Amino acid sequence: LSAGKITNWSTVGRLRVVIPFGVSYDASIAEVKAACMTAIGGVDGILADPAPAVHVERYGESNIDYAIYCWCSEADYWSVYYGLTESLQGVFAEAKVEFSYQHLNVHIVDK
């Protein structure tokens, strides 16, 4: 670490925005990623370079966890963060992608 080069990206004038969220297993990964890219396209201030990305983070007990990664200027950070967070709900509703929540399915078997 002491011999390595450390880059403080905040001095470059841009910051990375990360939006984590969970989606139902019923939605295909392609549908979720397409909906996220639509949401990204509707928010001002997101930089094209480096390009925004959507990744599957993990397969949870009740949902698939995703994260959106994008970059913006320091001045636009909070408007991008909240704008993208709010935009997801509307875009997901149109695409019929369901946010997930903690739940437990109980199956009763008669013996």
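Computed over heavy atoms, backbone and side chain alike; hydrogens, waters and symmetry mates excluded. If you're wondering where the values come from, they're calculated on a predicted model, not measured in any experiment.
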Shortest non-hydrogen contact from [X] to [Y]?
X	Y	result
V80	C72	CG2-CB, 3.9 Å
D76	S79	O-OG, 3.0 Å
G22	N63	CA-ND2, 3.1 Å
V91	A35	CG1-O, 3.1 Å
P52	L47	CD-O, 3.9 Å
C70	L84	SG-CD2, 4.0 Å

Can you tell me how far [atom2] of [Y] sits from [atom1] of [X], rounded to the nearest 0.5 angstrom?
X	Y	atom1	atom2	answer
R16	R14	CZ	CZ	11.5 Å
W71	I46	CH2	CD1	13.5 Å
E61	Y25	CD	OH	9.0 Å

- Message: Are there over 12 heavy-atom neighbours, none belonging to Y81, within less than 6.0 Å of that residue's OH?
- Response: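 Atom OH in Y81 is not packed in, count stays at 12 or less.
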- Message: Donor-acceptor check, side chain of S100 to backbone of S62, threshold 3.5 angstrom: yes or no?
- Response: yes
- Under 3.5 Å: donor-acceptor pair, side chain of S24, backbone of A27: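 No.
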- Message: I'd like to know if V54 and Y59 are part of one continuous hydrophobic network [Ile/Leu/Val/Met/Phe/Trp/Tyr, side-chain heavy atoms within less than 4.5 Å].
- Response: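 Yes.
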- Query: Should I64 and V32 count as side-chain neighbours, where that means a heavy-atom distance under 4.5 Å?
  - Reply: no
- With a 4.5 Å limit on heavy-atom distance, are the side chains of C36 and F92 in contact?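 They are in side-chain contact.
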- Task: Identify, with sequence neighbours excluded, every residue that meets ring pair (Phe, Tyr, Trp, His ring centres under 6.0 Å) alongside Y66.
- Result: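 Once residues adjacent in sequence are excluded, the partners of Y66 under the ring pair (Phe, Tyr, Trp, His ring centres under 6.0 Å) criterion are F21.
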- So the side-chain hydrogen bond (donor to acceptor under 3.5 Å, both in side chains) pairs with at least one residue in residues 33-57 (sequence neighbours excluded) are E57-Y69
